[in-house]
Amino acid sequence: MDLSSYLSRQRKKIDEALDRCLPSEKKNPSLLHRAMRYAVFSGGKRIRPVLALASCEVVGGKAPEALPAACALELIHSYSLVHDDLPCMDDDDFRREKQSCHKKFGEHTAVLAGDALLTLAFQQLASFDGKKGGAGDLKRRLDASLMVARAAGARGMVGGQAVDMEYQDKEPDLSTIQYIHTHKTGALIAVSARVGACLGGGTRKEVERLYHYGMESGLLFQIVDDILDREGYAKLLGVSEAMREAEALARKAKACLAPFGKKAWMLEALADFILRRKA
Ligand code: GRG
């Protein structure tokens, strides 16, 4: 199978599961539910949940074991974009070439939709679609919830956003840029691979190996973003140097996969996809 067929197959599973877990637009409070669905179903690439499902499969797990967590990661990503677009943060009227959530539904509904998406994410992490049961599974789900909470909170994504906000009107140096990237964007991408491996029943070594793959891929993702926007790394180091850095990270990410052999082909291809993405 090639990466694009793999991506469409996984995205279909993820979108169906997201549709099942999100509250119906027909139910009250309907405006809030519409805003939540708008934020989630507006053309995202689903990189984080795909990483979680792929990492689950690489350690020998079955997709249903990681599907609720995969949804949780996309819900957290969606909430972060809704809040990031608000006037008090990045103040963006458009997201994925559509009106941003607060432009379409109003500011207070967008704030609440973000809050509800984040809360729903942890509800998903505590739920389970797989057929297995027992204490081992419970322990893995608890570990997974802790991993995601750390990655999404003050020591992860929210912390990165806070430092980014501090530097809105001043130029960060390279180590500050690195901090922002590894926390604001990198942490959620890295934990996606980690959590997928954890829920798929990977050994501690396998889980940490895939976490490393996720960390390299997370920084890679953001450096490519900088290159596309001519910001951050690209502004500070120049596009060619930033591209060299991105290529080195893609190589490091793929090197983490060596012990898994051919069955990690999709994670290898995903690192190349992130390196070569144009949007
Ligand atoms: C508001 C707490 C809080 C956090 C916001 C991630 C983030 C933190 C803000 C996003 C700012 C931004 C646009 C950064 C550039 C990199 C990035 C995360 C792009 C969007 O991710 P994709 O490309 O999005 O995976 P899609 O649209 O595919 O879902």
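Numbering of ligands and ligand atoms starts at 1, following listing order. Counting from 1, the numbers follow the sequence of the chain as shown. For clarity, every value in this text was computed on a predicted model and none was experimentally measured.
Of the protein's non-hydrogen atoms, the one nearest atom 18 (C) of ligand 1 is T185 CG2, 3.3 Å. From the protein, the heavy atom lying nearest to atom 13 (C) of ligand 1 is R95 NH1, 3.8 Å. At the top of the distance list for atom 1 (C) of ligand 1, counting protein heavy atoms only, stands S80 O, 3.5 Å. Here the heavy atom of the protein found nearest to atom 3 (C) of ligand 1 is Q161 CG, 3.8 Å. Looking only at heavy atoms of the protein, atom 16 (C) of ligand 1 is closest to Q222 OE1, 3.3 Å. Considering only non-hydrogen protein atoms, atom 15 (C) of ligand 1 sits nearest to D225 OD2, 3.1 Å. The nearest heavy-atom contact from the protein to atom 25 (O) of ligand 1 is R48 NH1, 2.8 Å. The protein heavy-atom contact nearest to atom 17 (C) of ligand 1 is F221 CE2, 3.8 Å.
A donor-acceptor contact under 3.5 angstrom links the side chains of S42 and R96, judged on distance only. Side-chain N/O atoms of Q222 and Y233 include no donor and acceptor closer than 3.5 Å. No hydrogens or angles considered: a donor-acceptor pair under 3.5 Å links the side chains of D226 and H181. In the model, E206 has no side-chain atom that pairs as donor or acceptor with a side-chain atom of Y211 under 3.5 Å.
Within the cation-pi definition used here (under 6.0 Å to the ring centroid, within 45° of the axis), R11 does not qualify as a partner of Y6.
Here the shortest heavy-atom distance to atom 27 (O) of ligand 1, taken over H83, R96, M89, belongs to R96. Of the candidates E74, K184, H77, it is H77 that places a heavy atom closest to atom 20 (C) of ligand 1.
Under the salt bridge (charged side-chain N to carboxylate O under 4.0 Å, His left out) criterion, R48 pairs with no residue at all, not counting sequence neighbours.
Proximity of K45 to ligand 1, defined as any heavy-atom pair under 4.0 Å, is shared by backbone and side chain alike. Contacts with ligand 1 closer than 4.0 Å are made by side-chain heavy atoms of L81 only, the backbone lying farther away. Counting heavy atoms closer than 4.0 Å to ligand 1, residue R46 contributes nothing at all. Of the heavy atoms in D84, both backbone and side-chain atoms come closer than 4.0 Å to ligand 1.
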Apply the test side-chain contact (heavy atoms from CB on, under 4.5 Å) to residues E247 and L275: give CA-CA distance (whole Å), side-chain angles for both, the deciding distance (0.1 Å), then the verdict. CA-CA 7 Å; E247 281 161 356; L275 175 67; 4.2 Å; yes

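Within ligand 1, counting atoms from 1 as listed, the ones closer than 4.0 Å to a heavy atom of G44 are 26 (P), 27 (O), 28 (O), 29 (O). Close approach of ligand 1 to Y79 (heavy-atom distance below 4.0 Å) involves ligand atoms 2 (C).
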Could you go through residues 262-274 and list every donor-acceptor pair under 3.5 Å that involves a side-chain atom there, pairing it with any protein atom two or more places apart or in another chain?
unit_1: D272; atom_1: OD1; unit_2: K254; atom_2: NZ; d: 2.8
unit_1: D272; atom_1: OD2; unit_2: K254; atom_2: NZ; d: 3.2

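For the side-chain hydrogen bond (donor to acceptor under 3.5 Å, both in side chains) criterion with Q161, the lone passing option out of T185, D84, D90 is D84. Among R20, K62, Q10, the one residue that satisfies the side-chain contact (heavy atoms from CB on, under 4.5 Å) test with L67 is R20.
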